[in-house]
Amino acid sequence: QVQLVESGGGLVQAGGSLRLSCAASGRTFSSYSMGWFRQAPGKERECVEAINWRGEITYYAESVKGRFAISRDNAKNTVYLQMNSLKPEDTAVYYCAARSRAYYYTLTGANEYEYWGQGTQVTVTS
């Protein structure tokens, strides 16, 4: 069983930055495929960033292009989401997700992930 614990959410003004962290349990984190999703009220959960097990390949949604970046530190069993130039439309609950298998490519569908964190709220004010 893999446990994921997110941190770093909060309230920020438009144009500001936040860095989310997701700490994972498990001895084989370096082989996990990881992703960050978000869900705003009344909307479907969407993948904003994903990273493959070696950190060589990343995916980003067009809505966050050039503003968000995913990274991972396998020595710390942690994946990060750096969010810059935040906009009010980025307001959502952000979730970390893991698949305990190494895929060469990134996984972007919610149904492709096995484990989820509890979510952290990000609120961007105008």
Please test Glu6 against Gln118 for side chain to side chain contact (heavy atoms under 4.5 Å, CB included), starting from the C-alpha separation and ending with a verdict. CA-CA 7 Å; Glu6 300 109 333; Gln118 80 285 357; 2.8 Å; yes

Donor-acceptor under 3.5 Å ([X] side chain, [Y] main chain):
{"X": "Thr123", "Y": "Leu11", "value": "no"}
{"X": "Glu114", "Y": "Ser100", "value": "yes"}
{"X": "Asn52", "Y": "Ile57", "value": "yes"}

Shortest non-hydrogen contact from Tyr104 to Glu56? CE1-OE1, 4.5 Å

Testing the basics here: between Pro88 and Ala14, what is the closest heavy-atom pair and its distance to 0.1 Å? CD-CB, 4.1 Å

How far does [atom1] of [X] sit from [atom2] of [Y], to the nearest 0.5 angstrom?
{"X": "Arg67", "Y": "Ser17", "atom1": "CZ", "atom2": "OG", "value": "10.0 Å"}
{"X": "Ser30", "Y": "Arg54", "atom1": "OG", "atom2": "CZ", "value": "10.5 Å"}
{"X": "Arg99", "Y": "Leu107", "atom1": "CZ", "atom2": "CG", "value": "6.5 Å"}

Name all residues meeting the salt bridge (Lys or Arg N to Asp or Glu O under 4.0 Å) criterion together with Arg19; count only those two or more places apart in sequence or in a different chain, and write none if there are none. none

Just so I know, are the side chains of [X] and [Y] near enough to count as touching, which here means a heavy-atom distance under 4.5 Å?
{"X": "Tyr80", "Y": "Cys22", "result": "no"}
{"X": "Arg45", "Y": "Tyr95", "result": "yes"}
{"X": "Glu89", "Y": "Thr91", "result": "no"}
{"X": "Phe37", "Y": "Trp116", "result": "yes"}
{"X": "Arg101", "Y": "Ser33", "result": "no"}

Does Tyr59 form a side chain to side chain contact (heavy atoms under 4.5 Å, CB included) with Cys47? I'd like the steps, not just the answer. CA-CA 9 Å; Tyr59 161 88; Cys47 182; 3.8 Å; yes

Tell me every residue that passes side-chain hydrogen bond (donor to acceptor under 3.5 Å, both in side chains) with Ser63, counting only those two or more places apart in sequence or in another chain. Arg38

Hydrophobic cluster of Tyr94, others only, ordered by chain and residue number, side-chain cut-off 4.5 Å: Val2, Leu4, Val12, Leu18, Leu20, Phe29, Tyr32, Met34, Trp36, Val48, Ile51, Tyr60, Val64, Phe68, Ile70, Val79, Leu81, Met83, Leu86, Tyr115, Val122, Val124

Between Gln82 and Ser71, do the side chains contain a donor N or O and an acceptor N or O under 3.5 Å apart?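 No, Gln82 and Ser71 have no side-chain donor paired with an acceptor closer than 3.5 Å.
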
Under 3.5 Å, is there a donor-acceptor pair linking the side chains of Asp73 and Thr78? no

Counting only heavy atoms not in Glu44, do more than 12 sit closer than 6.0 Å to its CD atom? no

